[in-house]
Amino acid sequence: MGSMGSMGSMGSMAYGEQTTLWDRKRRAGQRLVVSLPGPRVNDEVRWLCQETAPAGFILFSRNIEEPEQIYELNRELTSLLPDSLPPLLCVDQEGGRVQRLRGTDWPAARWLGNLDDPQATRRVASRLGAELASVGFNICLAPVADVADGPAEGPIGDRSFSGDPDRCARHVVAFLSGLRHAGVGGMLKHFPGLGLATVDSHEALPDIELDRPDLERRDLTPFRAAMAAGANAVMAAHARYPAYDEDWPASLSPRLLQGLLRRDMSFEGVIMTDDLEMGALKRWSLEERVMAAVQADADLLLFCGAPTRPLEAFERLIRIQEDDPASTAFQDSARRLMRLREETLLGRPTPMPFRIIGNPQHRDLAMLIRARGGA
(Lines give C-alpha, C1' and ligand atoms only; values in the text may rest on other atoms or scores of the structure.)
Protein backbone atom coordinates (compact mmCIF):
# COMPACT_ATOMS: atom_id res chain seq x y z
CA MET A 1 0.00 0.00 0.00
CA GLY A 2 0.96 3.67 -0.41
CA SER A 3 3.10 6.06 1.56
CA MET A 4 2.92 9.84 1.36
CA GLY A 5 5.45 11.30 -1.02
CA SER A 6 5.92 8.03 -2.93
CA MET A 7 4.55 7.71 -6.43
CA GLY A 8 5.19 3.97 -6.49
CA SER A 9 4.51 2.57 -9.96
CA MET A 10 2.04 5.29 -10.85
CA GLY A 11 3.73 6.32 -14.05
CA SER A 12 3.69 2.79 -15.44
CA MET A 13 -0.06 2.25 -15.21
CA ALA A 14 -1.85 2.09 -18.54
CA TYR A 15 -5.53 2.48 -19.19
CA GLY A 16 -6.36 0.50 -22.29
CA GLU A 17 -9.64 -0.57 -23.75
CA GLN A 18 -10.13 -3.36 -21.20
CA THR A 19 -13.59 -4.33 -20.06
CA THR A 20 -13.09 -6.68 -17.12
CA LEU A 21 -15.10 -6.03 -13.98
CA TRP A 22 -11.86 -5.19 -12.16
CA ASP A 23 -11.07 -2.49 -14.74
CA ARG A 24 -14.57 -1.04 -14.53
CA LYS A 25 -14.39 -0.93 -10.74
CA ARG A 26 -10.98 0.73 -10.76
CA ARG A 27 -12.11 3.38 -13.24
CA ALA A 28 -15.32 3.97 -11.27
CA GLY A 29 -13.45 4.48 -8.01
CA GLN A 30 -11.08 6.90 -9.68
CA ARG A 31 -13.99 9.26 -10.35
CA LEU A 32 -14.66 9.74 -6.59
CA VAL A 33 -13.38 12.17 -3.97
CA VAL A 34 -14.88 11.29 -0.59
CA SER A 35 -15.01 12.56 2.99
CA LEU A 36 -14.78 11.08 6.48
CA PRO A 37 -17.24 11.39 9.38
CA GLY A 38 -14.63 12.22 12.03
CA PRO A 39 -10.94 12.67 12.90
CA ARG A 40 -10.07 8.96 12.65
CA VAL A 41 -10.30 6.29 9.97
CA ASN A 42 -13.08 3.93 10.97
CA ASP A 43 -14.08 0.53 9.62
CA GLU A 44 -16.64 2.08 7.25
CA VAL A 45 -13.96 4.23 5.61
CA ARG A 46 -11.52 1.31 5.38
CA TRP A 47 -14.20 -0.78 3.70
CA LEU A 48 -15.04 2.05 1.28
CA CYS A 49 -11.37 2.32 0.32
CA GLN A 50 -11.08 -1.43 -0.14
CA GLU A 51 -14.17 -1.56 -2.33
CA THR A 52 -13.71 1.58 -4.42
CA ALA A 53 -10.08 2.84 -4.24
CA PRO A 54 -11.24 6.48 -4.52
CA ALA A 55 -9.18 9.12 -6.29
CA GLY A 56 -8.94 11.20 -3.16
CA PHE A 57 -10.28 12.54 0.10
CA ILE A 58 -11.48 15.90 1.37
CA LEU A 59 -11.06 16.84 5.02
CA PHE A 60 -13.19 19.32 6.95
CA SER A 61 -13.06 20.89 10.41
CA ARG A 62 -14.74 17.75 11.80
CA ASN A 63 -11.68 15.76 10.74
CA ILE A 64 -9.03 18.11 12.13
CA GLU A 65 -7.67 18.30 15.67
CA GLU A 66 -3.95 19.17 15.72
CA PRO A 67 -1.02 18.90 13.28
CA GLU A 68 0.30 15.47 14.23
CA GLN A 69 -3.21 13.99 14.07
CA ILE A 70 -3.80 15.50 10.60
CA TYR A 71 -0.50 14.18 9.32
CA GLU A 72 -1.20 10.70 10.66
CA LEU A 73 -4.72 10.76 9.20
CA ASN A 74 -3.43 11.71 5.75
CA ARG A 75 -0.69 9.09 6.05
CA GLU A 76 -3.21 6.38 6.96
CA LEU A 77 -5.56 7.35 4.15
CA THR A 78 -2.66 7.10 1.71
CA SER A 79 -1.73 3.67 3.07
CA LEU A 80 -5.23 2.36 2.29
CA LEU A 81 -4.72 2.81 -1.45
CA PRO A 82 -2.32 1.25 -3.98
CA ASP A 83 1.08 2.90 -4.46
CA SER A 84 0.17 3.30 -8.13
CA LEU A 85 -2.82 5.51 -7.23
CA PRO A 86 -1.71 7.96 -4.52
CA PRO A 87 -4.71 9.96 -3.32
CA LEU A 88 -5.47 13.60 -3.85
CA LEU A 89 -5.56 14.86 -0.26
CA CYS A 90 -7.80 17.91 -0.48
CA VAL A 91 -8.84 20.69 1.87
CA ASP A 92 -10.66 24.03 1.55
CA GLN A 93 -8.06 26.54 2.70
CA GLU A 94 -8.93 29.86 1.10
CA GLY A 95 -8.29 32.16 4.06
CA GLY A 96 -10.94 34.26 5.77
CA ARG A 97 -14.14 32.41 6.60
CA VAL A 98 -13.09 29.28 4.69
CA GLN A 99 -10.05 27.67 6.29
CA ARG A 100 -10.00 24.27 7.96
CA LEU A 101 -6.40 24.17 9.20
CA ARG A 102 -6.04 26.59 12.10
CA GLY A 103 -2.88 28.18 13.41
CA THR A 104 -2.41 31.16 11.14
CA ASP A 105 -5.55 33.23 10.60
CA TRP A 106 -4.99 33.90 6.91
CA PRO A 107 -6.91 36.90 5.50
CA ALA A 108 -9.78 36.51 3.06
CA ALA A 109 -9.00 36.92 -0.63
CA ARG A 110 -10.70 40.34 -0.68
CA TRP A 111 -7.98 41.78 1.59
CA LEU A 112 -5.35 40.67 -0.90
CA GLY A 113 -7.34 42.09 -3.79
CA ASN A 114 -7.72 45.43 -1.99
CA LEU A 115 -3.97 45.58 -1.43
CA ASP A 116 -3.46 44.63 -5.09
CA ASP A 117 0.12 43.44 -4.69
CA PRO A 118 0.39 40.09 -6.54
CA GLN A 119 3.73 39.38 -4.90
CA ALA A 120 2.08 39.64 -1.49
CA THR A 121 -0.64 37.25 -2.67
CA ARG A 122 1.98 34.80 -3.92
CA ARG A 123 3.79 35.03 -0.58
CA VAL A 124 0.60 34.34 1.38
CA ALA A 125 -0.29 31.37 -0.83
CA SER A 126 3.23 29.97 -0.59
CA ARG A 127 3.21 30.04 3.20
CA LEU A 128 -0.39 28.82 3.42
CA GLY A 129 0.60 26.00 1.08
CA ALA A 130 3.67 25.17 3.15
CA GLU A 131 1.43 24.74 6.20
CA LEU A 132 -0.83 22.38 4.25
CA ALA A 133 2.09 20.37 2.88
CA SER A 134 3.56 19.97 6.37
CA VAL A 135 0.59 17.80 7.37
CA GLY A 136 0.32 15.88 4.10
CA PHE A 137 -2.21 17.78 1.97
CA ASN A 138 -1.39 17.99 -1.74
CA ILE A 139 -4.46 19.80 -3.14
CA CYS A 140 -5.86 23.12 -1.91
CA LEU A 141 -9.41 23.77 -3.10
CA ALA A 142 -8.53 27.37 -3.91
CA PRO A 143 -8.18 29.99 -5.28
CA VAL A 144 -11.69 31.31 -5.72
CA ALA A 145 -11.67 32.70 -9.27
CA ASP A 146 -15.16 34.18 -8.98
CA VAL A 147 -15.53 37.89 -9.72
CA ALA A 148 -17.64 39.35 -6.91
CA ASP A 149 -18.12 42.92 -5.74
CA GLY A 150 -21.17 42.46 -3.51
CA PRO A 151 -21.30 42.49 0.29
CA ALA A 152 -18.51 40.63 2.06
CA GLU A 153 -20.96 38.24 3.71
CA GLY A 154 -22.64 37.13 0.44
CA PRO A 155 -22.38 33.56 -0.89
CA ILE A 156 -19.02 34.49 -2.43
CA GLY A 157 -18.45 37.99 -1.08
CA ASP A 158 -14.97 38.42 0.43
CA ARG A 159 -13.92 34.97 -0.79
CA SER A 160 -13.36 36.73 -4.15
CA PHE A 161 -10.25 38.82 -4.73
CA SER A 162 -12.16 41.58 -6.52
CA GLY A 163 -15.16 42.67 -8.53
CA ASP A 164 -12.74 43.78 -11.24
CA PRO A 165 -12.04 40.88 -13.62
CA ASP A 166 -8.45 41.87 -14.41
CA ARG A 167 -7.52 42.47 -10.78
CA CYS A 168 -9.12 39.18 -9.81
CA ALA A 169 -7.17 37.42 -12.56
CA ARG A 170 -3.83 38.83 -11.36
CA HIS A 171 -4.36 37.46 -7.87
CA VAL A 172 -5.74 34.10 -8.94
CA VAL A 173 -2.56 33.55 -10.99
CA ALA A 174 -0.36 34.73 -8.09
CA PHE A 175 -2.14 32.48 -5.58
CA LEU A 176 -1.71 29.43 -7.82
CA SER A 177 1.96 30.25 -8.23
CA GLY A 178 2.44 30.45 -4.47
CA LEU A 179 0.75 27.12 -3.89
CA ARG A 180 2.94 25.50 -6.54
CA HIS A 181 6.05 26.88 -4.88
CA ALA A 182 5.00 25.02 -1.72
CA GLY A 183 4.38 21.79 -3.64
CA VAL A 184 0.58 22.00 -3.40
CA GLY A 185 -1.82 21.90 -6.34
CA GLY A 186 -4.58 24.48 -6.68
CA MET A 187 -8.19 24.07 -7.80
CA LEU A 188 -9.87 27.00 -9.57
CA LYS A 189 -13.45 27.49 -8.45
CA HIS A 190 -16.31 27.87 -9.24
CA PHE A 191 -16.44 27.61 -13.05
CA PRO A 192 -17.75 29.53 -14.96
CA GLY A 193 -18.13 32.08 -12.16
CA LEU A 194 -20.34 32.24 -9.07
CA GLY A 195 -19.71 35.85 -8.14
CA LEU A 196 -23.23 37.07 -8.96
CA ALA A 197 -25.01 34.33 -7.03
CA THR A 198 -27.53 35.69 -4.51
CA VAL A 199 -28.43 32.32 -2.98
CA ASP A 200 -26.08 29.77 -1.44
CA SER A 201 -25.77 26.64 -3.59
CA HIS A 202 -25.51 24.59 -0.40
CA GLU A 203 -29.23 25.37 -0.02
CA ALA A 204 -30.69 26.10 -3.47
CA LEU A 205 -29.76 26.42 -7.14
CA PRO A 206 -28.61 29.93 -8.14
CA ASP A 207 -29.45 31.35 -11.57
CA ILE A 208 -26.75 33.58 -13.07
CA GLU A 209 -28.58 35.81 -15.54
CA LEU A 210 -25.74 37.03 -17.75
CA ASP A 211 -25.63 36.96 -21.52
CA ARG A 212 -22.66 35.25 -23.13
CA PRO A 213 -20.61 38.40 -23.95
CA ASP A 214 -20.89 39.63 -20.36
CA LEU A 215 -19.98 36.25 -18.91
CA GLU A 216 -17.02 36.07 -21.26
CA ARG A 217 -15.81 39.59 -20.40
CA ARG A 218 -16.45 39.41 -16.69
CA ASP A 219 -16.44 35.92 -15.22
CA LEU A 220 -14.23 33.95 -17.59
CA THR A 221 -11.30 36.40 -17.44
CA PRO A 222 -9.68 34.94 -14.27
CA PHE A 223 -10.18 31.37 -15.49
CA ARG A 224 -8.57 32.13 -18.85
CA ALA A 225 -5.61 33.86 -17.19
CA ALA A 226 -5.07 30.96 -14.78
CA MET A 227 -5.28 28.37 -17.55
CA ALA A 228 -2.74 30.33 -19.58
CA ALA A 229 -0.50 30.17 -16.50
CA GLY A 230 -0.80 26.38 -16.31
CA ALA A 231 -3.82 25.72 -14.07
CA ASN A 232 -4.65 22.02 -14.33
CA ALA A 233 -7.75 21.58 -12.15
CA VAL A 234 -11.14 23.31 -12.05
CA MET A 235 -14.20 22.90 -9.83
CA ALA A 236 -17.55 23.37 -11.59
CA ALA A 237 -20.29 25.45 -9.99
CA HIS A 238 -23.71 24.27 -8.90
CA ALA A 239 -25.40 27.20 -10.63
CA ARG A 240 -27.48 27.55 -13.77
CA TYR A 241 -26.42 29.85 -16.62
CA PRO A 242 -29.45 30.15 -18.92
CA ALA A 243 -27.42 31.85 -21.65
CA TYR A 244 -25.68 28.49 -22.11
CA ASP A 245 -28.01 25.89 -20.61
CA GLU A 246 -31.53 26.47 -19.31
CA ASP A 247 -31.80 23.02 -17.73
CA TRP A 248 -28.59 21.83 -16.11
CA PRO A 249 -26.27 23.56 -13.64
CA ALA A 250 -22.70 24.03 -14.86
CA SER A 251 -21.46 21.02 -12.88
CA LEU A 252 -23.80 18.73 -14.85
CA SER A 253 -23.93 20.59 -18.18
CA PRO A 254 -22.28 19.26 -21.36
CA ARG A 255 -22.72 22.69 -22.94
CA LEU A 256 -20.66 24.36 -20.23
CA LEU A 257 -18.07 21.67 -19.45
CA GLN A 258 -17.62 19.88 -22.78
CA GLY A 259 -18.55 22.85 -24.92
CA LEU A 260 -17.31 26.01 -23.23
CA LEU A 261 -14.53 24.71 -20.98
CA ARG A 262 -13.03 21.86 -22.97
CA ARG A 263 -13.74 22.86 -26.57
CA ASP A 264 -13.86 26.66 -26.57
CA MET A 265 -11.30 27.29 -23.81
CA SER A 266 -9.13 24.27 -24.71
CA PHE A 267 -8.90 23.06 -21.10
CA GLU A 268 -7.32 19.61 -20.91
CA GLY A 269 -7.02 19.34 -17.13
CA VAL A 270 -9.19 17.74 -14.47
CA ILE A 271 -12.74 18.95 -13.82
CA MET A 272 -14.26 18.26 -10.41
CA THR A 273 -17.86 18.88 -9.45
CA ASP A 274 -18.75 20.75 -6.32
CA ASP A 275 -20.28 18.50 -3.64
CA LEU A 276 -22.94 16.38 -5.33
CA GLU A 277 -24.95 16.25 -2.10
CA MET A 278 -25.60 20.00 -1.95
CA GLY A 279 -29.11 21.45 -1.87
CA ALA A 280 -28.70 23.02 -5.32
CA LEU A 281 -29.10 19.55 -6.86
CA LYS A 282 -32.00 18.29 -4.77
CA ARG A 283 -34.40 18.08 -7.72
CA TRP A 284 -32.31 15.30 -9.27
CA SER A 285 -31.79 11.79 -7.92
CA LEU A 286 -28.27 10.62 -7.12
CA GLU A 287 -28.30 8.40 -10.20
CA GLU A 288 -29.29 11.36 -12.37
CA ARG A 289 -26.53 13.52 -10.88
CA VAL A 290 -23.87 10.88 -11.47
CA MET A 291 -24.99 10.17 -15.03
CA ALA A 292 -25.20 13.86 -15.91
CA ALA A 293 -21.77 14.62 -14.43
CA VAL A 294 -20.16 11.85 -16.47
CA GLN A 295 -21.95 12.91 -19.66
CA ALA A 296 -20.87 16.50 -19.05
CA ASP A 297 -17.21 15.39 -18.88
CA ALA A 298 -16.57 15.94 -15.18
CA ASP A 299 -13.64 13.77 -14.12
CA LEU A 300 -14.05 13.82 -10.33
CA LEU A 301 -17.32 13.61 -8.41
CA LEU A 302 -17.13 15.16 -4.96
CA PHE A 303 -19.04 13.69 -2.01
CA CYS A 304 -18.79 15.49 1.32
CA GLY A 305 -21.31 13.47 3.36
CA ALA A 306 -21.67 9.90 4.57
CA PRO A 307 -19.69 7.09 2.86
CA THR A 308 -22.93 5.41 1.75
CA ARG A 309 -23.51 7.99 -1.01
CA PRO A 310 -20.19 7.53 -2.85
CA LEU A 311 -20.75 3.78 -2.69
CA GLU A 312 -24.09 4.23 -4.48
CA ALA A 313 -22.34 6.46 -7.02
CA PHE A 314 -19.59 3.85 -7.46
CA GLU A 315 -22.14 1.20 -8.40
CA ARG A 316 -23.79 3.57 -10.84
CA LEU A 317 -20.41 4.41 -12.42
CA ILE A 318 -19.79 0.71 -13.03
CA ARG A 319 -23.17 0.35 -14.73
CA ILE A 320 -22.53 3.38 -16.95
CA GLN A 321 -19.45 1.62 -18.33
CA GLU A 322 -21.35 -1.62 -18.84
CA ASP A 323 -24.15 0.19 -20.68
CA ASP A 324 -21.73 1.87 -23.10
CA PRO A 325 -18.64 -0.36 -23.44
CA ALA A 326 -17.42 1.46 -26.57
CA SER A 327 -17.05 4.79 -24.78
CA THR A 328 -13.54 5.96 -23.85
CA ALA A 329 -14.77 8.60 -21.38
CA PHE A 330 -13.52 6.73 -18.32
CA GLN A 331 -10.12 6.06 -19.88
CA ASP A 332 -9.84 9.73 -20.82
CA SER A 333 -10.63 10.79 -17.26
CA ALA A 334 -8.10 8.31 -15.88
CA ARG A 335 -5.40 9.79 -18.08
CA ARG A 336 -6.22 13.34 -17.04
CA LEU A 337 -6.14 12.33 -13.38
CA MET A 338 -2.82 10.55 -13.82
CA ARG A 339 -1.37 13.67 -15.43
CA LEU A 340 -2.63 15.80 -12.52
CA ARG A 341 -0.94 13.44 -10.07
CA GLU A 342 2.32 13.61 -11.99
CA GLU A 343 2.26 17.39 -12.26
CA THR A 344 1.30 17.85 -8.61
CA LEU A 345 3.09 15.07 -6.74
CA LEU A 346 6.30 14.39 -8.64
CA GLY A 347 9.21 16.54 -7.50
CA ARG A 348 7.41 18.06 -4.51
CA PRO A 349 9.74 19.89 -2.13
CA THR A 350 10.40 18.24 1.21
CA PRO A 351 7.60 19.44 3.54
CA MET A 352 8.47 21.80 6.36
CA PRO A 353 8.01 20.58 9.96
CA PHE A 354 4.71 21.02 11.80
CA ARG A 355 5.96 24.06 13.72
CA ILE A 356 5.62 26.13 10.56
CA ILE A 357 1.85 26.21 11.22
CA GLY A 358 0.99 29.47 12.94
CA ASN A 359 4.61 30.52 13.41
CA PRO A 360 5.32 34.23 14.16
CA GLN A 361 6.44 35.02 10.60
CA HIS A 362 3.18 33.70 9.16
CA ARG A 363 1.05 35.49 11.73
CA ASP A 364 2.94 38.74 11.10
CA LEU A 365 2.37 38.41 7.35
CA ALA A 366 -1.36 37.83 7.87
CA MET A 367 -1.59 40.86 10.16
CA LEU A 368 0.35 43.02 7.68
CA ILE A 369 -2.04 42.11 4.84
CA ARG A 370 -5.01 43.12 7.00
CA ALA A 371 -3.35 46.38 7.99
CA ARG A 372 -2.51 47.32 4.39
CA GLY A 373 -5.51 45.79 2.61
CA GLY A 374 -8.36 47.80 4.11
CA ALA A 375 -10.87 48.83 1.46
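Worth saying up front: this structure is predicted, and the values here are computed from it rather than measured.
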Step-by-step side-chain contact (heavy atoms from CB on, under 4.5 Å) determination, Phe161 to Phe175: CA-CA 10 Å; Phe161 290 105; Phe175 199 96; 3.9 Å; yes
According to a 4.5 Å side-chain heavy-atom criterion applied to Ile, Leu, Val, Met, Phe, Trp and Tyr, with indirect links allowed, do [X] and [Y] form part of one hydrophobic cluster?
| X | Y | result |
| --- | --- | --- |
| Leu215 | Ile156 | yes |
| Phe191 | Val98 | no |
| Val33 | Phe57 | no |
| Leu286 | Ile58 | no |

N/O donor-acceptor pair under 3.5 Å between [X] side chain and [Y] backbone:
| X | Y | result |
| --- | --- | --- |
| Ser160 | Asp146 | yes |
| Asp274 | Ala236 | no |
| Tyr241 | Trp248 | no |
| Glu315 | Glu312 | no |
| Arg289 | Leu276 | yes |
| Arg110 | Ala148 | yes |
| Glu94 | Ala109 | no |
| His238 | Asp275 | yes |
| Arg100 | Phe60 | no |
| Gln50 | Arg46 | no |

Short N-O contact, [X] and [Y], less than 4.0 angstrom:
| X | Y | answer |
| --- | --- | --- |
| Arg240 | Asp245 | no |
| Asp299 | Arg335 | no |
| Lys282 | Glu203 | no |
| Arg75 | Glu68 | no |
| Asp297 | Arg336 | yes |
| Arg102 | Glu131 | no |
| Asp23 | Arg26 | no |

If you count the non-hydrogen atoms of other residues, nucleotides and ligands that lie under 6.0 Å from [atom1] in [X], is the total more than 12?
| X | atom1 | answer |
| --- | --- | --- |
| Glu246 | CD | no |
| Met291 | CE | yes |
| Glu268 | CD | no |

Residue from Arg363, His362, Gln99 passing side chain to side chain donor-acceptor pair (under 3.5 Å) with Asp105: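 Going through the options one by one, the only one that passes is Gln99.
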Contacts of type salt bridge (Lys or Arg N to Asp or Glu O under 4.0 Å), residue Arg255, not counting sequence neighbours: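 None.
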Ser201: side chain to side chain donor-acceptor pair (under 3.5 Å) partners, not counting sequence neighbours: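 Partners of Ser201 under the side chain to side chain donor-acceptor pair (under 3.5 Å) test: none.
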Asp158 and Arg370: CA distance, side-chain angles, deciding distance, salt bridge (Lys or Arg N to Asp or Glu O under 4.0 Å) verdict: CA-CA 13 Å; Asp158 64 359; Arg370 287 188 172 87; over 6 Å; no
Report yes if the side chains of [X] and [Y] come closer than 4.5 Å at any heavy-atom pair, otherwise no.
| X | Y | value |
| --- | --- | --- |
| Glu343 | Met338 | no |
| Val290 | Gln295 | no |
| Ile271 | Leu261 | yes |
| Val184 | Ile139 | no |

Verdict with supporting geometry, Arg62 and Ser35, side-chain hydrogen bond (donor to acceptor under 3.5 Å, both in side chains): CA-CA 10 Å; Arg62 65 177 182 260; Ser35 64; 3.2 Å; yes
Close aromatic pair by centroid cut-off 6.0 Å: Trp111 and Trp106: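 Ring centroids of Trp111 and Trp106 are no less than 6.0 Å from each other.
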Test side-chain contact (heavy atoms from CB on, under 4.5 Å) applied to Phe314 and Leu48, step by step: CA-CA 10 Å; Phe314 174 71; Leu48 179 68; over 6 Å; no
